[in-house]
Amino acid sequence: MLDVALLGCGGMMPLPNRFLTSLCMRFSGRMLLIDSGEGTQVSMKLLGWGFKNIEAICFTHFHADHISGLPGLLLTIGNSCRSEPLKLVGPPGLERVVQGLLVIAPELPIEIQIIELQHKKGQTIDLCGMSVSAYPTTHRGKCRGYSSSLSRPGKFDHERGKALNIPVRCWNRLQKGESIEYENNLYTPDMVMGERRKGLKVSYCTDSRPPSGLDAFVEDSDLFICEGIYGENDKLDKAIEHRHMIFSEAAAVAASGRVRELWLTHFSPALTQPEIFRANATDIFPNTLIGRDRMTKTLTFDDYS
Ligand SMILES: [Zn+2]
Ligand SMILES: [Zn+2]
């Protein structure tokens, strides 16, 4: 079970009831944020999921609307009795940006671990029990989109386990994907595990022109959260100039990537009623929702058997 909450869906400037960009994912009580624009900690407080279990924050890039909420958030996490380290992940240059922001958030009681994503063609790291992949996107400066995946092993075949005389005490570790040597016999997961089942995937891309290959990167996502800075199709030139995406472009990526559901986010402050332009996206990808602050969804595996 994976909970997703859009903490802020504004771009550039916060509005009343629309904080700046941030997303929260919660798996087994562990929380991963992507971006922390102005207002993130207020939205977190309203959401009520707490701060102590935030284990990592990934950044798409370093424009203020994506990172200016970090110093206050760090102080709040520091006051939450968290004792474990906090990981900050982002494009090259993250260390310098964070060190600058730490000047106004000094003497934190938690260890900050900084991970700069160096590989140009994407990189995968384990965060909060999920496999998180980064993808280079096309904006001003270095920018990344992220996909978070939860894999799901196949079913354990008890009958095969019995037929092969595999000791019951080994079953649990085999189920976890471990190979075991026991009483001079080697037991491997493939002896008793069925075919891998569909897991869960959430993808997030904001502040980018549609980069080539983004549809493949987000392919089969259960939820794709993508920027739509403008709703109007005739604002495409402006979006190209500022290296952003409009609703119809985000919908085209969602359709091409065969995702299940699309949430639009990162609205221009001039776009005060994004719902008016929803059809520009749904004409291309029908299952599109207009994001709003603290919109949440719980994703579950397709079958529990
Ligand atoms: Zn932005
Ligand atoms: Zn930006």
Side-chain angles (χ1 to χ4, degrees), residues 5-25 33-44 57-73 88-98 100-101 116-117 120 134-147 202-211 214 217-218 224-232 235-251 253 262-272 274 277 281 290-295:
L6 188 57
L7 295 170
C9 62
M12 297 185 277
M13 175 190 164
L15 298 180
N17 303 316
R18 190 197 283 174
F19 295 121
L20 289 178
T21 306
S22 185
L23 181 82
C24 180
M25 282 178 278
L33 265 59
I34 303 181
D35 285 337
S36 60
E38 210 172 323
T40 295
Q41 60 172 330
V42 186
S43 201
M44 282 290 297
I57 308 174
C58 297
F59 294 96
T60 55
H61 63 305
F62 310 133
H63 284 159
D65 53 337
H66 297 256
I67 198 166
S68 59
L70 182 64
L73 182 61
L88 302 179
V89 181
L94 178 67
E95 169 94 39
R96 184 176 146 265
V97 173
V98 170
L101 294 171
E116 292 197 354
L117 301 164
K120 203 161 185 270
Y135 191 79
T137 53
T138 314
H139 190 48
R140 295 179 194 281
K142 295 183 177 80
C143 192
R144 296 289 187 276
Y146 293 96
S147 255
V202 176
S203 299
Y204 182 86
C205 177
T206 182
D207 288 36
S208 179
R209 294 294 303 142
L214 181 62
F217 180 69
V218 305
F224 175 37
I225 298 152
C226 189
E227 82 157 308
I229 193 158
Y230 307 123
E232 306 94 316
K235 287 200 172 169
L236 179 59
D237 287 348
K238 201 172 171 190
I240 292 170
E241 183 190 344
H242 297 287
R243 298 188 192 168
H244 287 284
M245 268 186 261
I246 60 173
F247 284 16
S248 56
E249 290 179 304
V253 175
L262 169 67
W263 290 4
L264 292 170
T265 188
H266 196 275
F267 305 122
S268 159
L271 185 59
T272 52
F277 303 103
I290 299 293
R292 54 186 159 68
D293 285 15
R294 293 170 302 287
M295 187 155 104

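Whatever order the structure lists them in is the order used to number ligands and atoms, beginning at 1. Because the structure is a prediction, the values reported are computed rather than measured.
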Under 3.5 Å, side chain of [X] to main-chain N/O of [Y], donor-acceptor pair present?
X	Y	answer
E38	L20	no
E249	R209	no
D293	C9	yes
H139	R243	yes

Quiz item: Quick one: ring-ring contact (aromatic ring centres under 6.0 Å, His included) partners of F217, sequence neighbours excluded?
Solution: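 Checked F217 against ring-ring contact (aromatic ring centres under 6.0 Å, His included); matches are Y135.
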
Quiz item: For the Zn ion (ligand 2), which protein N/O/S atoms are closer than 2.8 Å?
Solution: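 Those protein N, O or S atoms (cut-off: under 2.8 Å from the Zn ion (ligand 2)) are H61 NE2, H63 ND1, H139 NE2, D207 OD2.
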
Quiz item: Mind checking whether H61 and H63 have ring centres under 6.0 Å apart?
Solution: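 Close enough - the centres of the two rings lie under 6.0 Å apart.
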
Self-check item: Nearest to the Zn ion (ligand 1) - the N/O/S atom of H266, by atom name
Solution: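 Distance check against the Zn ion (ligand 1) picks out NE2 in H266.
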
